[in-house]
Amino acid sequence: MNMQTLYLIVPLAPLVGAIIAGLFGKWVGRTGAHLATIAGVTLALIASVLVFQDVLAGHTFNGTVYTWMVLGDLRFEVGFLIDSLTAMMMLVVTFVSLMVHIYTIGYMHDDPGYQRFFSYISLFTFSMLMLVMSNNFLQLFFGWEAVGLVSYLLIGFWYTKETAIYANLKAFLVNRVGDFGFILGIGLVLAHFGSLDYATVFARAPSLANETITLWPDTPWMLMTVIGILLFIGAMGKSAQFPLHVWLPD
C-alpha cells in the first residue's frame with residue numbers, strides 16, 4: 001500500500017462509518033452503529049500512526065487528489081499537505097475522536113438517538129481531518145464549515161428541548177460572524193496572491209510583505225495584517241474567544 005492511499009484512508013474511514021451509522025442505523029442497530037464508526041476511526045488512527053512514522057523518516061507530501069473546478073488560471077482542488085505539523089494533528093484528532101467514540105457507548109446508552117449521535121461524531125472527525133490535512137485555503141474553509149455544521153447538529157442533538165434549540169441557533173449565528181471574517185480573509189488572499197494553494201501563497205508572501213490596502217479613504221493598512229485579522233476572526237468564532245464566546249455557556 002502506497003502512502004497516498006493511506007492519506008485517503010485517514011479521512012474516508014470515519015466518513016464511511018458515519019454513513020453506515022447515519023443512513024443504515026435502523027438496520028445495523030446500536031451495536032452495528034458503534035462498531036462501524038469505532039472501526040472507521042481506529043483505522044484512521046492506525047493509518048495516521050503510519051503516516052507520522054513516514055514523516056519522521058523525512059517524507060512529506062503536497063499534492064492534489066481531485067480538481068473539481070477550473071476558472072482560467074485558477075484551480076479549485078481537493079489536496080493534502082502532509083508535513084510534521086499535519087501528521088501530529090492527524091494523530092491528535094483520530095486519537096481523541098476514538099476516545100470520544102468509546103466513551104459515547106456508555107454515555108448515550110439509553111438514548112433513542114444512539115445511531116444518529118455516532119454518525120454525527122464520526123462525521124465531525126471526517127470534517128476535522130479534511131481541515132487539518134488540506135493544502136489550500138478553500139478546502140480549509142469547507143472543512144471549517146463542515147465542522148461548524150456538525151457542531152450545530154450536536155449542540156441541538158436533543159431537538160425537542162427548547163434550551164438545545166436556542167443554544168444551537170445562537171452558536172450558528174455567532175459562527176456565521178466568524179465565518180464572514182474568515183471568507184473575507186480568503187478572498188483577499190485570492191485577490192492579491194492569485195492562488196489559494198498554501199505553498200504558492202507562502203512563497204509569494206515575502207514579495208507582498210509591504211503591500212498596503214485602503215479600507216477607508218486616507219487610511220492605508222498592511223495587507224498581511226488585514227488578512228491575518230480576518231482569518232483570526234474566523235478562529236475566534238469557532239473557539240469561542242471573546243467577544244464571540246456567547247454561545248459556549250448555552
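As the structure is a computational prediction, the values presented were derived from the model and not from experiment. Computed from heavy atoms alone, side chains included, the values below leave out hydrogens, waters and symmetry copies.
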Below 3.5 Å, can you tabulate the donor-acceptor pairs from side chains in residues 39-52 to any protein atom, sequence neighbours excluded?
from, atom 1, to, atom 2, distance (Å)
T42, OG1, I38, O, 2.7
S48, OG, A44, O, 2.8

Next on the checklist: Atom OH of residue position Y66 - does it have more than 12 heavy atoms of other residues, nucleotides or ligands inside 6.0 Å?
Outcome noted: no
Next on the checklist: Working note: T64 + V78, criterion side-chain contact (heavy atoms from CB on, under 4.5 Å); need CA distance, chi angles, decisive distance, verdict.
Outcome noted: CA-CA 6 Å; T64 300; V78 175; over 6 Å; no
Item to check | Nearest-0.5 Å distance, CE of residue M88 to CG of residue L56 | outcome: 8.0 Å
Checklist entry - For L196, does its backbone N or O pair with a side-chain atom of T200 as donor and acceptor, under 3.5 Å? => result no
Checklist entry - Considering all heavy atoms of both residues, which atom of M130 and which atom of P11 are nearest to each other, and what is their separation? => result SD-CB, 3.8 Å
Checklist entry - Does the D179 side chain pair with the main chain of F182, one donor and one acceptor, at a distance under 3.5 Å? => result no
Checklist entry - Atom OG1 of T125 and atom OH of Y120: how far apart are they, to the nearest 0.5 Å? => result 14.5 Å
Checklist entry - Is there a chain of hydrophobic side chains (I, L, V, M, F, W, Y, each step under 4.5 Å between heavy atoms) that links F118 to Y107? => result yes
Item to check | Test item: F80 and L8 side chains (from C-beta on) under 4.5 Å apart, heavy atoms | outcome: yes
Item to check | Flag, side chain of T104 to backbone of V100, donor-acceptor distance under 3.5 Å | outcome: yes
Checklist outcome for this item: In terms of heavy-atom contacts, A33 and V28 come closest through N-CG2, 3.7 Å
Checklist entry - Would you say Y198 and F142 are hydrophobically clustered, going by side-chain heavy atoms of ILVMFWY under 4.5 Å? => result yes
Checklist entry - At their closest point, which heavy atom of P14 faces which heavy atom of I9, and how far apart are they? => result CD-O, 4.2 Å
Item to check | Distance in Å, S195 OG paired with R204 CZ, rounded so as to fall on 0.5 Å steps | outcome: 6.0 Å
Item to check | Worked verdict on F141 versus F137 for ring pair (Phe, Tyr, Trp, His ring centres under 6.0 Å) | outcome: CA-CA 6 Å; F141 180 75; F137 283 98; over 10 Å; no
Checklist entry - Hey, is CZ on F95 packed in by over 12 heavy atoms from elsewhere, all under 6.0 Å? => result no
Checklist outcome for this item: Test side-chain contact (heavy atoms from CB on, under 4.5 Å), reference I82, set N62, V55, T60, output is V55
Next on the checklist: Working to the nearest 0.5 angstrom, can you tell me the gap between S207 OG and H192 NE2?
Outcome noted: 12.5 Å
Item to check | Crowding at CE, M99 (>12 non-hydrogen neighbours, <6.0 Å) | outcome: yes
Item to check | Check: T37/S122 side-chain N/O donor and acceptor closer than 3.5 Å | outcome: no
Item to check | Reference residue I229; test side-chain contact (heavy atoms from CB on, under 4.5 Å); the match among L231, I227, V226, I233 | outcome: I233
Item to check | Exercise: identify the closest heavy-atom pair between R30 and Q115 | outcome: N-NE2, 3.7 Å
Item to check | side-chain contact (heavy atoms from CB on, under 4.5 Å) evaluation trace for I105 with Y114 | outcome: CA-CA 8 Å; I105 295 174; Y114 189 85; 3.7 Å; yes
Checklist entry - Are W144 and I183 co-members of a hydrophobic cluster defined by side-chain heavy atoms under 4.5 Å apart? => result yes
Item to check | Closest non-hydrogen atom pair between L131 and V147, with its separation | outcome: CD1-CG2, 4.2 Å
Item to check | Atom of F193, atom of L208 and distance for their closest heavy-atom approach | outcome: CE2-CD1, 3.6 Å
Item to check | Between OG on residue S119 and NE2 on residue H34, distance to nearest 0.5 Å | outcome: 15.0 Å
Checklist entry - Side-chain heavy atoms under 4.5 angstrom apart, residues restricted to Ile, Leu, Val, Met, Phe, Trp, Tyr: same cluster for Y103 and L123? => result yes
Checklist entry - In terms of heavy-atom contacts, does CZ of F61 have more than 12 from other residues, nucleotides or ligands at under 6.0 Å? => result yes
Next on the checklist: For L91, I'd like to know if atom CG has over 12 heavy atoms of other residues, nucleotides or ligands within 6.0 Å.
Outcome noted: yes
Item to check | Qualifying residue, where the test is side-chain contact (heavy atoms from CB on, under 4.5 Å) with L81 and the options are N136, N135, D197 | outcome: N135
Item to check | Check: L15 and I19 side chains under 4.5 Å, non-hydrogen atoms | outcome: yes
Checklist entry - Hey, mind stepping through F180 and L230 against side-chain contact (heavy atoms from CB on, under 4.5 Å) and telling me if it holds? => result CA-CA 8 Å; F180 183 66; L230 289 172; over 6 Å; no
